[in-house]
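See structure below.
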Amino acid sequence: FPSTFITLPNFSIQTSTFLPKTSQRSIFQKKKPFNFNSKTVVSCKASNGKQNDADHTSFLNRFDRRDILLGLGGGLYGATSLVRDPFALAVVPIEPELSSCGESTVDTGKTCMNVPCCPPELKDSKIIDFEPPLGCKIRYRPAAHLVDRDYLYKFELAMERMKALPVDDPRNFMQQANIHCAYCNGAYSQVGFPDQKLEVHYSWLFFPFHRMYLYFFERILGKLIGDPDFAMPFWNWDSPCGMTMPQIYLDPYSPLYDENRNLEHQHVLVNLNDGKSVIKQEKNEEDGFDKLTKREQEREQIKSNLYVMYQQMVRSAKTASCFHGAAYLGGCVSETDIGCTPEPRGGTIENGAHIAVHKFVGAKNPPYNEDMGNFYSAGRDPLFYAHHGNVDRMWNIWKTLQGKKRRDFDQDVWLNSSFLFYDENANMVRVKVRDCLDSKTLGYDYQSVDIPWLRSKPTPRRSRPGVGRGQDQGQDVLARRKSKYLRRFPIVLDKVAVRIEILRPKKPINKKKDDKEEVLVLQNIQLDRNDSVQFDVSINDDEDDDNPCKPEDAEFVGSFSNLPHGDDCHSEAMLSTNLYLPLSDALEDLKIPSEDRFIVVTLVPQEG
């Protein structure tokens with residue numbers, strides 16, 4: 001993973017709006033630097049537009065496919081000039097073309113592997129439309145670390161029987177695992193559009209697909225033990241009591257065990273920011289004592305995880321677009337509307353804690369990091385389903401948090417998008433997004449447990465003694481030398497942080513009146529989709545590169561992450577996606593007034 005480039009060629013960014021009627025081609029053909037001008041504030045909603053351009057892609061492809069390309073097409077966007085309405089396009093809901101299913105591919109650049117992930121042949125060519133159960137008893141999914149011996153016996157029995165089913169039975173464990181592989185590694189095309197791949201990550205399809213995937217998996221388990229009220233456990237990784245791998249999954253003789261895990265992480269706390277364990281015993285050369293005891297390190301990790309959850313669930317997820325991700329539209333043929341491309345932009349949880357846990361569990365066995373460390377193999381680990389149970393639980397919790405915009409999309413193109421699954425009776429079922437908006441309608445909910453991260457609001461590091469260098473304390477960003485952040489593009493983001501000064505919108509925000517968000521937009525992030533990548537983003541930090549901002553700092557505004565997931569082996573195609581980071585709470589916490597015309601954005605590479 002040699003380097004990261006920000007791909008606007010040869011001009012500095014002084015602001016960050018997208019021109020409404022000027023194509024990127026015309027911008028890129030200009031010989032002199034072009035200054036963007038921001039005029040208003042953006043509401044973080046599902047809207048997509050002219051952000052990806054074929055001419056732009058050709059520019060990016062001049063770099064090696066192993067590099068990560070990041071297009072910061074400005075930072076603070078105007079609501080009218082950012083994008084045009086994607087729903088004005090002649091689009092249709094996303095639907096998988098069953099007859100087109102082919103082998104998925106996994107590619108590391110040096111080696112390539114084809115993986116058969118398609119479901120068994122459909123019986124009688126009949127697909128049933130899903131109907132939610134009527135008048136059923138609500139079953140409660142328990143926290144995995146709280147289950148009793150009787151529950152564990154039933155769960156292990158169900159999993160053992162699922163694994164013992166004939167290999168061509170669609171309810172067999174490996175057949176169920178292949179569902180995730182097929183939908184996440186390019187096996188399906190879209191109905192009516194054979195040249196367009198279907199992908200359920202990095203878009204508004206993420207939560208609905210995984211909810212129904214787990215729903216049918218759970219129903220099959222219940223069928224196999226004769227208990228229609230059986231409910232799978234969830235891994236409660238957002239609470240201190242559940243931040244290690246649940247013990248029930250660690251017995252090598254249990255059907256819940258998977259040998260393809262990172263054994264070094266089995267008994268340590270998960271890191272919800274980047275998936276790396278930080279619990280280490282470090283010796284002081286002078287006196288031989290530990291710099292931090294293991295207990296102290298665990299306390300710090302717990303605090304960090306709670307701040308991460310607050311960031312991803314409260315601070316940065318006030319609207320459906322921020323939480324769910326960007327619109328992903330079927331039937332699009334435009335190369336300039338990002339909603340027409342797979343993986344336009346993931347939501348806060350998908351791009352954050354979700355990927356961090358995948359990386360944490362996956363084995364350290366390059367090139368593929370199976371099982372949880374790669375989308376194609378993730379479903380082969382029984383712990384995957386507990387992990388995604390908690391991800392699904394986040395969807396339930398999000399809709400209960402304060403804020404009138406914390407509600408799901410209402411566009412038909414989302415509600416009518418659909419997926420295909422085999423049910424507990426081995427019938428193929430078509431499920432629409434509109435069928436799964438409420439888990440209680442599906443007959444299940446989650447055990448009530450404490451949600452401690454609701455009390456973990458970050459604080460400015462400048463206000464805490466002994467944190468950072470603090471040499472800029474009390475100094476306005478406007479007083480800094482602008483030339484210090486004047487960058488020529490592309491910018492290499494490799495081992496050191498990069499800072500860019502961004503001009504803010506002229507119109508100040510009235511949060512109570514306008515209910516809008518000031519949003520930092522990183523546009524056209526391009527990287528090899530088979531690479532594990534992460535970089536963190538902060539604003540107006542204290543420029544201490546030896547001690548960069550962390551989730552507990554108000555200056556920290558989010559991260560970008562990628563988990564390897566292949567597409568076409570040895571092709572030059574890269575993952576092209578975007579990142580939206582709401583800033584209004586951060587600006588308020590840092591007491592940055594609207595009169596401060598500039599902010600400094602810091603990009604800190606963490607992996608890749």
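What you see below is based on every heavy atom in this structure, not just the backbone, and it leaves out hydrogens, waters and symmetry mates.
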Legend entry - Test side-chain contact (heavy atoms from CB on, under 4.5 Å) applied to Asn178 - qualifying residues, sequence neighbours left out: Cys117, Met174, Gln175

Inset, instruction - For the residue pair Lys276 and Glu607, establish whether any side-chain heavy-atom pair is separated by less than 4.5 Å. - result: yes

Inset, instruction - Mind checking the CD1-CE spacing from Ile179 to Met212? Nearest 0.5 Å is all I need. - result: 11.5 Å

Legend entry - Validation row: Leu437, Trp395 side chains within 4.5 angstrom (heavy atoms): yes

Legend entry - Sequence neighbours excluded - salt bridge (Lys or Arg N to Asp or Glu O under 4.0 Å) pairs with any residue from residues 371-381: Arg261-Asp381

Inset, instruction - Could you list the residues that satisfy side-chain contact (heavy atoms from CB on, under 4.5 Å) with Gln247, not counting sequence neighbours? - result: Leu250, His267

Inset, instruction - Could you pull out all residues at least two apart from Thr441 that satisfy side-chain hydrogen bond (donor to acceptor under 3.5 Å, both in side chains)? - result: none

Inset, instruction - I would like to know whether Asp238 and Arg393 meet salt bridge (Lys or Arg N to Asp or Glu O under 4.0 Å); could you show each step before the answer? - result: CA-CA 11 Å; Asp238 62 305; Arg393 175 174 161 262; 2.9 Å; yes

Legend entry - Main-chain N/O of Ala363 paired with Asn369 side-chain donor or acceptor, under 3.5 Å: yes

Legend entry - Summary of side chain to side chain donor-acceptor pair (under 3.5 Å) pairs that have at least one residue in residues 417-428, sequence neighbours excluded: Lys223-Asn425

Inset, instruction - Please identify each residue that fulfils side-chain hydrogen bond (donor to acceptor under 3.5 Å, both in side chains) with Tyr183, with sequence neighbours left out. - result: none

Legend entry - Side chain Thr577, main chain Pro344, donor-acceptor under 3.5 Å: yes

Inset, instruction - Please check if any side-chain donor atom of Asp169 sits under 3.5 Å from a side-chain acceptor atom of Asn172, or the reverse. - result: no

Inset, instruction - Drop me the distance from Met113's CE to Glu103's CD, to the nearest 0.5 angstrom. - result: 11.0 Å

Inset, instruction - List in chain and number order the residues that pass side-chain hydrogen bond (donor to acceptor under 3.5 Å, both in side chains) with Trp237, two or more places apart in sequence or in another chain; answer none if no residue qualifies. - result: His387

Inset, instruction - Tell me, please, which residues at least two apart from Phe375 pass ring pair (Phe, Tyr, Trp, His ring centres under 6.0 Å). - result: His180, His201, His358, His565

Legend entry - Flag, side chain of Glu156 to backbone of Pro255, donor-acceptor distance under 3.5 Å: no

Inset, instruction - Using a strict cut-off of less than 4.0 Å between a Lys/Arg side-chain nitrogen and an Asp/Glu carboxylate oxygen, indicate whether Asp227 and Lys154 qualify as a salt bridge. - result: yes

Inset, instruction - Taking the side chain as every heavy atom from C-beta outward, state whether Asn273 and Asn305 have any pair of such atoms under 4.5 Å apart. - result: no

Inset, instruction - With sequence neighbours left out, write down each residue that passes side-chain contact (heavy atoms from CB on, under 4.5 Å) with Pro252, or none if nothing qualifies. - result: Tyr257

Inset, instruction - Assess whether side chain to side chain contact (heavy atoms under 4.5 Å, CB included) is satisfied between Leu527 and Ile525, documenting all intermediate values. - result: CA-CA 7 Å; Leu527 64 147; Ile525 303 171; 4.0 Å; yes

Inset, instruction - Would you confirm whether the ring centroid of Phe409 sits within less than 6.0 angstrom of the ring centroid of Trp204? - result: yes

Inset, instruction - Establish, yes or no, whether a centroid distance under 6.0 Å links the rings of His324 and Trp414. - result: yes

Inset, instruction - Determine which pairs satisfy side chain to side chain donor-acceptor pair (under 3.5 Å) with at least one residue from residues 211-221, sequence neighbours left out, and list them in order. - result: Arg139-Glu218, Arg141-Glu218, Arg211-Asp392, Arg211-Asn396, Arg211-Tyr444, Tyr213-Tyr385

Inset, instruction - Report yes or no: do Asn562 and Tyr202 form a side-chain donor-acceptor pair below 3.5 Å? - result: yes

Inset, instruction - Taking the side chain as every heavy atom from C-beta outward, state whether Gln190 and Lys197 have any pair of such atoms under 4.5 Å apart. - result: no

Legend entry - Side chains of Asp536 and Gln606, donor plus acceptor under 3.5 Å: yes

Inset, instruction - Measure from the side-chain N and O atoms of Arg434 to the backbone N and O of Asn416, and report whether any donor-acceptor pair falls under 3.5 Å. - result: no

Legend entry - Point-to-point distance, once rounded to the nearest 0.5 Å, from CD of Gln526 to CG of Asn578: 9.5 Å

Inset, instruction - Calculate, to the nearest 0.5 Å, the distance between atoms CZ and SG belonging to Phe206 and Cys184 respectively. - result: 9.0 Å

Legend entry - Any side-chain donor near an acceptor of the partner, Ser189 and Glu97, under 3.5 Å: no

Legend entry - Arg171 (side chain) donor-acceptor with Phe217 (main chain) under 3.5 angstrom: no

Legend entry - All salt bridge (Lys or Arg N to Asp or Glu O under 4.0 Å) counterparts of Glu264, not counting sequence neighbours: Lys364

Inset, instruction - Measure the acute angle between the ring planes of His210 and Phe384, then classify it against the limits of 30° and 60° as parallel, tilted or perpendicular. - result: tilted

Inset, instruction - Looking only at non-hydrogen atoms, find the nearest pair between Ser561 and Gln534 and report the distance. - result: OG-OE1, 2.9 Å

Inset, instruction - For Cys101, check side-chain contact (heavy atoms from CB on, under 4.5 Å) against everything at least two apart and list the hits. - result: Cys118, Pro119, Ala187, Tyr188

Inset, instruction - Supply the atom-to-atom distance Phe421 CZ to Ile128 CD1, rounded to the nearest 0.5 angstrom. - result: 15.0 Å

Inset, instruction - Give me the ring orientation class for Phe234 and Tyr446: parallel if the planes are under 30° apart, tilted from 30 to 60°, perpendicular past 60°. - result: perpendicular

Legend entry - N/O donor-acceptor pair under 3.5 Å between Asp445 side chain and Ser439 backbone: no

